[in-house]
Amino acid sequence: MSERRKQYPFAEFEPKWQACWEEKKTFSVPNPGDEGFDASKPKYYVLDMFPYPSGAGLHVGHPEGYTATDIITRYKQMRGFNVLHPMGWDAFGLPAEQHAIKTGEHPRINTERNTDNFRRQLKALGFAYDWDREINTTSPDYVKWTQWIFLQLYNSYFDEETQKARPISELEGKGLSREEIDDKRLAFVADTPVNWSPDLGTVLANEEVDEWREKGHTVERRPLRQWMLRITDYAQRLIDELEPLDWPDGIKQLQTNWIGRSEGAEVDFEISGEKVTVFTTRPDTLFGATYMVLAPEHPLVAQITTTEQKEAVEAYQKECSMKSDLERTELAKEKTGVFTGGFAINPVNGEQIPVWIADYVMMGYGTGAIMAVPAHDERDFAFAQKFAISVIEVVQAPEGNEDECFAGNGIAINSDFLNGLSTPEAKAKITEWLEEKGLGKKTINFKLRDWLFSRQRYWGEPFPIIWKDGQHQAIDESELPLLAPELEDYKPSGSPEGVLAKAIDWIELPDGSRRETNTMPQWGGSCWYYLRYCDARNSDAFISDEAENYWMGGDDQTGGVDLYVGGTEHAVLHLLYARFWHKVLFDLGHVSTPEPFQKLVNQGLIMGEDGRKMSKSFGNVVNPDDVVAQYGADSLRLYEMFMGPLEQVKPWSMKGVEGVYRFLARVWRLVLETNQEGEWVINPKLADIDPEKRTNKTVHATIKKVQNDIDAMSFNTAISQMMVCTNDLTKLDQIPVSSVVTLLHVLNPFAPHITEELNARLAVAFDSVSADELAHRPWPEFREDFLIEDEIELVVQVNGKVRDKLHISPDMPKEEIEALALASEKVKAFTDGNTIRKVIVVPGRLVNIVAN
RNA sequence: GCCGAUGUGGUGGAAUUGGUAGACACAGCAGACUUAAAAUCUGUUGAUCCUCGGAUCGUGCGGGUUCAAGUCCCGCCGUCGGUACCA
């Protein structure tokens, strides 16, 4: 690192102010009922996405969102809000366990080391977190409540009628059997084909498969007994209740598509006496069905397969079972399939159509069976082409559409009683017809699957469940938290039971029952952390009603976290899971709003200086520690915000850091200069004088722009305005102290250290300057009357091109402006010889003369 | 393929939402200070032409609407991100 002389002594005062904030608890906020709580202030809850404290420490991408929320926090505090701005650690997870497997060191130790480092790095940036509320998902008092919430899920079911979770005890009263009840729990056990990774020794969620495959681990399909959460019951509400939220449209769409609602019909076909139900979104094309496809795993395949086809069918089934969902989709550019020998009867016309099995039909979606209409479905068309199956056109494509396969809406043809109807009409009519005859019904399907919630890991929350006589049951709440036992080593047991299976003493209970050996996925802890922050030290409840009501309260337009900032990588999974848990807690009366996050903002990725993604392998990772050492925390914060709009992807530039560093140095020198001894003394140009009109204008325009830009989270333009203001003040021969203090005040949320330091020094030199911390003073009010101009510049255009500029009073009447514009010599040069057709006057902006 | 972003000087990016394109920075160039360098300060910096007053062109490309388009409409192209046989 270059030993260039520092332009201002940030290394001295930045740690000083950080220590001061920590000691005075400047950014700790009391809860309702606590000492010092001011109930008259409105609340504002600003949240950063929960970080995983990785061994690599912070990189410059982290402080991007953190600085944005920090500015908002400090600003809102000055505007008289009680601001909740917490930080904590999503500290369970595979990397710490992988480390434990390699070294034999307990993952707790590694986790602690990493969180200590993260905390140190964050504190070095001067963030206004309320560290009294710091939480850690791995701490026993947090685990306790994660497990408690799991038990809420376990002890609830989804009531279809009210679309709400209800206590499972209500079903017990209705005389349902044990099995029937277990089948309704929101947390349930199922034997499902899962993604088992032998070398990781765990099952992975569908969404996680890619990530671990990329890291070189193998993943295969295997049916195993797993805990699942019934998120699919909430599919409709997860779509509907997303609507009013202040989230980016793209993210809303992403979630909606992920949930994947599609409306259609189930239709019953008959295959040699057996009923087979297919799902279709195009029941109107039923007359065009020329074959049927079952998923290779469909339970009826064996029954309907003829002896001649048996061998081929079984071979195909085996081939498919070897492939994962992924391989089936990724590698299968070419359609494959086998004829079963069986025929299905189309219920609308009694036609016999061949039944095939093919892997382009998934068992997990709809009914695992489709009617194939090659004339109006791309996939069916490709399949029919390959296997020479006939194509019957049943929808008239609009004029000019010559595609062989037309999937759009049109007019029904070759369809008996549907002929002549438009696609929506035909859909309605056929569905009604099917329902009348008892051959089918209107159905809604979702892509969303139930959430696979168990992992075979050590470093996660154990399930608060024991098994007795083959049945699961919850342990008593008083036994929470249930912590994992210490182990000799953390290597996977190799069995799908997971690592905890090794801890015999822990598993086997005196009464012969056994503990569940699965643990929860990392998502568990991060699903509700924002609630815990509201009441982080409560040992009687996961959150108190008072704290919940205050920090999370509101209606469906205002309730929940007021501002949630994080990366797009959590657009679907984390945000969907957290919303699901929140809704269950809401239904059960534990929280007061249906949605957890009212406003969501995604910060854009910061790329390396070479324009590529920051990564160790490219050697382009920038460590914030180095930037702080060289330019100070304020420079880093300011640069992160000055780079460009928050949501945008943008490349890092050390030259850019230097630019904002120079700006901060200019602010410093506005207040101080070095004397002969090299000491910093008050700039002699500073004086306790009333600012001139134009100085007031700059300063007050700055207040206005900065506050508007903070509200709009347009931090880069706020900073450029403060640069303009600084440049203007620097040019003055006599600089009014009050103007400088105002500048420091509006700059404070962005660069808190240097501004507090300068204010403190000014307070010593000038009686007029308050020695109170800027952080504690109310945001300055701008005066609109200072912004009014005596004279404005008005552009005169001829046919849209600027030809002259007028300097006039802002309230000059239109007619006068017009006359003045037409009188201009420069304008005349362009209008001479032409007829003036029209003159447009836009007050305060321009005059456009149309002439030809 | 589909969905979503995005395209403005050498670079990061501004532009009151239809009204002077290029604010603010970075880099460059010239000058001041200095024995010298760094730092700092001042000026200059979209392109082309120029009689130094200015003229013409210019926001990915092609059309259109309008007195006026980076901004609105239609059709393309490029880059980035997500997703993929969901019937």
Side-chain angles (χ1 to χ4, degrees), chain A residues 2 4-7 248-254 256-258 260-262 264 278-282 285 293 325-326 328-330 332-333 335 358-362 364-373 376-380 382-383 407 445-449 568-569 571-572 602 604-605 607 611 613 639 642-645 647-660 662-663 665-666 669 705 708 714 716-724 726-727 730-731 793-803 805 826 829 837-840 842-851:
Chain A
S2 78
R4 61 211 302 276
R5 249 188 59 205
K6 309 271 188 272
Q7 290 200 35
D249 284 336
I251 300 295
K252 285 190 187 180
Q253 267 183 49
L254 223 56
T256 309
N257 293 344
W258 187 268
R261 181 193 149 104
S262 57
V278 302
F279 174 71
T280 176
T281 54
R282 292 296 300 269
T285 62
V293 185
D325 271 1
L326 244 112
R328 266 170 75 159
T329 55
E330 261 178 12
K333 295 270 180 262
K335 294 267 182 296
D359 66 359
Y360 83 91
V361 173
M362 308 285 152
Y365 183 77
T367 59
I370 62 156
M371 62 175 212
V373 186
H376 305 291
D377 182 284
E378 303 274 358
R379 297 150 300 178
D380 297 344
F383 192 86
N445 251 304
F446 294 95
K447 270 197 274 188
L448 185 69
R449 312 293 166 82
T568 343
E569 66 272 21
V572 274
N602 288 122
L605 217 59
M607 312 299 276
K613 213 176 225 162
Y639 176 64
F642 189 60
M643 289 172 86
E647 318 79 48
Q648 221 164 77
V649 178
K650 40 208 177 280
W652 186 264
S653 151
M654 270 309 178
K655 288 286 185 192
V657 182
E658 245 175 84
V660 293
R662 276 205 285 265
F663 160 64
R666 272 204 306 280
R669 288 194 308 269
K705 176 132 183 79
N708 287 344
S714 172
N716 54 331
T717 50
I719 293 167
S720 81
Q721 178 63 38
M722 291 187 280
M723 287 173 168
V724 171
T726 304
N727 292 344
T730 305
K731 283 178 193 139
E793 191 186 71
L794 203 72
V795 163
V796 184
Q797 298 181 334
V798 177
N799 293 330
K801 284 183 183 170
V802 181
R803 297 304 180 188
K805 288 168 184 178
K826 287 177 184 167
R837 306 281 173 191
K838 206 174 182 183
V839 180
I840 293 128
V842 183
R845 303 262 60 157
L846 52 73
V847 182
N848 190 11
I849 297 160
V850 186

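Here is how names work: the chains are called A, B, and so on, in the same order as the sequence lines, proteins then strands, and each is numbered from 1. Nothing here was measured: the structure is a model prediction, and the numbers come from that model.
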Rounded at 0.5 Å granularity, tell me how far CZ in A/Phe383 sits from CD1 in A/Ile370.
8.5 Å
Have a look at B/U17 and give me syn or anti from its glycosidic angle (syn if within 90° of zero).
syn
What's the separation between atom OG in A/Ser262 and atom CZ in A/Phe279, rounded to the nearest 0.5 Å?
4.0 Å
Can you tell me how far C1' of B/C26 sits from NZ of A/Lys650, to the nearest Å?
17 Å
Quantified in whole Å, what is the P atom distance between nucleotide B/A21 and nucleotide B/G46?
14 Å
For the side chain of A/Ser653 and the backbone of A/Gly656, is there at least one donor-acceptor N/O pair under 3.5 Å apart?
yes
Students often get this wrong, so: under 4.0 angstrom with heavy atoms, is A/Thr568 touching a base, only sugar-phosphate, or nothing?
nothing
Specify the separation, in whole Å, of atom CG of A/Asn716 and atom P of B/A15.
8 Å
With a non-hydrogen cut-off below 4.0 angstrom, is A/Arg837 in contact with a base, only sugar-phosphate, or nothing?
nothing
Between A/Ser714 and A/Thr717, is any side-chain donor less than 3.5 angstrom from a side-chain acceptor?
yes
Evaluate the side-chain proximity of A/Val649 to A/Met607: yes if any heavy-atom separation is below 4.5 Å, no if none is.
yes
Quick one: which of B/A87, B/G19, B/C24 gets closest to the side chain of A/Ser720?
B/C24
Applying a 4.0 Å non-hydrogen cut-off, can you work out what A/Lys801 is touching in the nucleic acid: base, sugar-phosphate, or nothing?
sugar-phosphate
Options B/C67, B/C24, B/A25, nucleotide nearest the side-chain atoms of A/Arg666
B/A25
Between B/A38 and B/A27 - P atom distance, rounded Å
13 Å
Select base, sugar-phosphate, or nothing to describe what A/Thr281 touches, counting heavy atoms under 4.0 Å on all strands.
sugar-phosphate
Would you compute the distance between atom CD of A/Gln721 and atom CG of A/Asn716 and round it to the nearest 0.5 angstrom?
12.5 Å
Between B/A87, B/U20, B/G12, which nucleotide gets closest to the side-chain atoms of A/Asp377?
B/A87
Could you state the atom-to-atom distance from CZ of A/Arg669 to C1' of B/C41 in whole Å?
9 Å
Looking for any heavy atom pair under 4.0 Å, which part of the strands does A/Phe642 touch: base, sugar-phosphate only, or nothing?
base
In Watson-Crick or G-U wobble terms, with both distances under 3.5 Å, the base opposite B/U66 is none
Could you tell me which nucleotide pairs with B/C80 by Watson-Crick or G-U wobble geometry, both distances under 3.5 Å, or answer none if nothing does?
B/G4
How about A/Arg261 and A/Asn445: does a side-chain donor come under 3.5 Å of a side-chain acceptor?
no
Mind checking if A/Val724 touches a base, just sugar-phosphate, or nothing, with heavy atoms under 4.0 Å?
sugar-phosphate
All heavy atoms of A/Arg282 vs all of A/Thr285, minimum pair found to be O-OG1, 2.7 Å
Side chain of A/Leu254, heavy atoms from C-beta onward: which of B/C67, B/G82, B/A87 has the nearest atom to it?
B/G82
Assign each of A/Val572 and A/Gly366 to its nearest nucleotide of RNA chain B by heavy atoms, then name whichever residue's nucleotide is nearer the 5' end.
A/Val572
Provide, to the nearest angstrom, the distance between the CE atom belonging to A/Met722 and the C1' atom belonging to B/A23.
15 Å
Below 4.0 angstrom from OP1 or OP2 of B/A39, is there any side-chain N or O of A/Arg662?
no
Ring-plane angle category for A/Tyr639 and A/Trp652, please: parallel below 30°, perpendicular beyond 60°, tilted otherwise.
perpendicular
Spacing of the C1' atoms in B/A25 and B/G19 (rounded, Å):
26 Å
Among the nucleotides B/C85, B/C24, B/U42, which one has an atom lying closest to any side-chain atom of A/Lys731?
B/U42
Which part of the nucleic acid, if any, lies within reach of A/Pro645 when heavy atoms closer than 4.0 Å are counted: base, sugar-phosphate only, or nothing?
sugar-phosphate
Of the candidates B/G19, B/U20, B/A87, the side chain of A/Tyr365 sits closest to B/A87
Is A/Arg803 close enough to B/G54 that one of its side-chain N or O atoms is under 4.0 Å from OP1 or OP2 there?
no
Of the candidate nucleotides B/A87, B/U40, B/U20, which contains the atom at the shortest distance from the side chain of A/Glu793?
B/U20
Per the O4'-C1'-N9-C4 / O4'-C1'-N1-C2 angle with a 90° window around 0, B/G31 comes out anti
With rounding to whole Å, what would you report as the distance between B/U59 and B/A14 at their C1' atoms?
12 Å
Does any donor-acceptor pair link the side chain of A/Gln797 with the base of B/U20 at a separation under 3.5 Å?
no
Separation of B/U83 P from A/Lys447 NZ (nearest whole Å)
11 Å
Nearest heavy atom decides the nucleotide; on that basis, is A/Thr367 or A/Gly659 closer to the 5' end of RNA chain B?
A/Gly659
Strictly below 4.0 Å: does A/Asn727 bring a side-chain N or O up to OP1 or OP2 of B/A25?
yes
As a test of understanding, state which of A/Val842, A/Asn848, A/Val802 forms a side chain to side chain contact (heavy atoms under 4.5 Å, CB included) with A/Val795.
A/Val802
Considering every strand shown, what is the Watson-Crick or G-U wobble mate of B/U56 when both distances are under 3.5 Å?
B/A47
Nearest to the A/Leu846 side chain among B/A87, B/U20, B/U40, which nucleotide is it?
B/U20
Taking only the C1' atom of each, what is the distance from B/A5 to B/C85 in whole angstrom?
26 Å
Think A/Lys655 has a side-chain N or O under 4.0 angstrom from the OP1 or OP2 of B/G10?
no
Using atom P in both nucleotides, what's the gap between B/G7 and B/G70 to the nearest angstrom?
14 Å
Quickly work out the A/Asn445 CG to B/C85 P distance and round it to whole Å.
16 Å
Identify the nucleotide, in any strand shown, that forms a Watson-Crick or G-U wobble pair with B/G12, with both distances under 3.5 Å; if there is none, say none.
B/C24
Using Watson-Crick or G-U wobble geometry with both distances under 3.5 Å, which nucleotide pairs with B/G31?
B/C41
For the P atoms, the ones on B/C24 and on B/G43, what distance do you get once it is rounded to whole angstrom?
11 Å
Does a side-chain N or O of A/Thr717 approach OP1 or OP2 of B/C24 to a distance below 4.0 Å, or not?
no
Hey, does the side chain of A/Gln648 come within less than 4.0 Å of B/G13's phosphate (OP1/OP2), counting only N and O?
yes
When the distance from CD of A/Gln721 to P of B/A15 is rounded to whole Å, what number comes out?
12 Å
Distance check needed: B/U83 C1' versus A/Trp258 CH2, whole Å only.
8 Å
B/C72 versus B/G18 - spacing of their C1' atoms, nearest Å:
8 Å
